[in-house]
Amino acid sequence: MKVAIFGASGFVGTNVIEALKATDHEIVASDILEKPIEGTRFVKANLLKYDEVEVVVNDCDIVIHLAASPLNVSVEKPRLNAQINIDGTLNIMDASREHGIKKVIFSSASSLVGEVRYNPVDEKHPCTPKTPYGVAKYAIEHYLRVYQELYGLNYLVFRFFNIYGPWQYPTSGALIPTVYNKLNAGEAFNVFGTGSQMRDFVYVGNIADYYVRSVSNAVKNTVVNMGTGKGTTIKDVVLTAGEVLGVEPRLNYLPERPGEIDNFVADTSRIAGLFGGAPSTNLKDGMKATFSWLRSLNQW
């Protein structure tokens, strides 16, 4: 297969490309920033410019769409976020149907669920997004469904839960690299409330493997939770990080933040049924690999 990857320079994109390099697939990598990637043909493209998107998609078989304007930008600049995430995705979808793409694999977000009514959360859970970012992701899921019904464009949606792993930089503000930085520096880590809020942490290496498999297999036209089905509290994340680093974490307890979700874990029945199992790297092993990569950043 010839695979086009939008958002190739990002956290997940980098990992997916590394996994695809081990296959016979031909890779066309694309991002808005000029960043040639060894082992790929790199094409710089702005999602808001259809002509540039079309150049990437042309002659490809599969499109992997990982590009997005992030959640924090959506709160500060909702219109810009919608332009990039919705209009940009429609450019990818229009180019894909124009050029006969076999399947578009899209990265959605579990945060679009909004208010958790039951747990674990399956793909049929009611969705009431609480951010413009979540609204955009939910809208795109429906656009993909409608494009399949109207134009026959096949798709696969992976709803990401809490991803961590190599190439997730501390500047992202994500929990696990932030914990690493705080504990490594001997600083206390702020815990809101009791720290009993539970999340589903999924190692990015597992996700990359599912993308590779999705390029070749027949799974299509469905939404799939990308989580482990196992919950870990925020406090236990910090304690596990302390074990891996060989330090005793200091926790600084602060008042609970309003609207914080207490319990949020993926129902993995669908991914297990379609792929023969759910992501399985346990948090401690995933942290070891992640922290090894984070250490390497300080060696340059």
Side-chain angles (χ1 to χ4, degrees), residues 4-16 29-35 42-57 63-96 104-116 126-147 155 157-164 167-178 181 190 192 199 204 207 223 226 257-261 264:
I5 304 179
F6 291 93
S9 303
F11 163 40
V12 179
T14 302
N15 283 277
V16 170
S30 182
D31 212 296
I32 194 167
L33 299 175
E34 188 74 52
K35 186 183 176 183
F42 188 90
V43 181
K44 181 181 176 181
N46 182 338
L47 294 190
L48 297 180
K49 296 181 178 179
Y50 180 81
D51 290 348
E52 294 184 9
V53 170
E54 190 177 28
V55 169
V56 179
V57 170
V63 167
I64 293 176
H65 177 17
L66 296 161
S69 174
L71 189 150
N72 60 331
V73 173
S74 83
V75 175
E76 298 163 6
K77 300 177 180 178
R79 186 181 296 275
L80 174 64
N81 188 264
Q83 287 172 340
I84 295 169
N85 288 348
I86 297 177
D87 290 352
T89 298
L90 287 173
N91 279 337
I92 290 174
M93 290 164 61
D94 283 337
S96 294
V104 175
I105 307 173
F106 174 67
S107 59
S108 190
S110 60
S111 63
L112 60 75
V113 166
E115 183 182 346
V116 178
C127 296
T128 51
K130 302 297 185 184
T131 62
Y133 174 81
V135 170
K137 290 289 189 181
Y138 196 34
I140 294 164
E141 289 189 5
H142 283 287
Y143 272 117
L144 286 163
R145 175 184 56 79
V146 169
Y147 267 53
Y155 68 91
V157 172
F158 285 127
R159 275 188 191 165
F160 292 169
F161 277 67
N162 293 70
I163 312 172
Y164 70 98
W167 287 288
Q168 185 180 52
Y169 289 92
T171 51
S172 68
L175 177 64
I176 288 177
T178 301
N181 267 6
N190 290 336
F192 296 92
R199 300 287 185 273
V204 72
I207 292 174
V223 176
M226 184 62 81
R257 291 181 291 196
E260 184 95 32
I261 299 172
F264 194 49

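This structure is a prediction, so every number in the text was calculated from the model and none was measured.
Aromatic ring orientation, His65 versus Phe6: perpendicular (interplanar angle above 60°, classes split at 30° and 60°).
The line from OG of Ser110 to CG of Asn162 is 6.0 Å long, rounded to the nearest 0.5 Å. One distance of note links OG of Ser108 with CZ of Arg159; it measures 6.0 Å at 0.5 Å rounding. Rounded to the nearest 0.5 Å, atoms CG (Asn81) and CG (Leu71) are 8.0 Å apart. Put simply, CD1 on Ile207 and CG on Leu66 are 9.5 Å apart, with the number rounded to the nearest 0.5 Å.
Among residue pairs with one or both ends in residues 44-55, those qualifying as side-chain hydrogen bond (donor to acceptor under 3.5 Å, both in side chains) are Glu54-His99; sequence neighbours excluded.
Just one residue in the list Ser107, Ser111, Ser74 forms a side-chain contact (heavy atoms from CB on, under 4.5 Å) with Lys137, and that residue is Ser107.
Contact between Gly134 and Pro129 at its shortest, heavy atoms only, is C-CB, 3.5 Å. Between Val56 and Ala45, the shortest heavy-atom distance links the atoms CG2-CB, 3.9 Å.
Between the side chain of Gln168 and the backbone N or O of Ile163, at least one donor-acceptor pair lies under 3.5 Å. Asp87 places no side-chain N or O within 3.5 Å of a backbone atom of Ala82 that could act as its donor or acceptor partner.
Around atom OH of Tyr143, no more than 12 heavy atoms belonging to other residues, nucleotides or ligands sit under 6.0 Å away.
Val204 has its side chain out of reach of Trp167: every pair of non-hydrogen atoms, C-beta onward, lies at least 4.5 Å apart. Side-chain contact between Phe42 and Asp31 is present, with at least one heavy-atom pair separated by less than 4.5 Å. For the pair Ser96/Val63, a side-chain contact is recorded, criterion being any heavy-atom separation below 4.5 Å from C-beta on. Residues Leu144 and Ile140 are in side-chain contact: their nearest non-hydrogen atoms beyond the backbone lie under 4.5 Å apart. In this structure, the side chains of Arg145 and Tyr155 come closer than 4.5 Å at one or more pairs of heavy atoms. The shortest distance between side-chain heavy atoms of Ile64 and Phe158 does not fall below 4.5 Å. Between Tyr164 and Leu175 the shortest side-chain heavy-atom distance does not fall below 4.5 Å. Contact check for Ile92 versus Leu47: side-chain heavy atoms found under the 4.5 Å cut-off.
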Stepwise, does the side-chain hydrogen bond (donor to acceptor under 3.5 Å, both in side chains) test hold for Tyr147 with Asp94? CA-CA 9 Å; Tyr147 267 53; Asp94 283 337; 2.8 Å; yes
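Ser69 and Asn85 share no donor-acceptor pair across their side chains, judged by distance under 3.5 Å alone.
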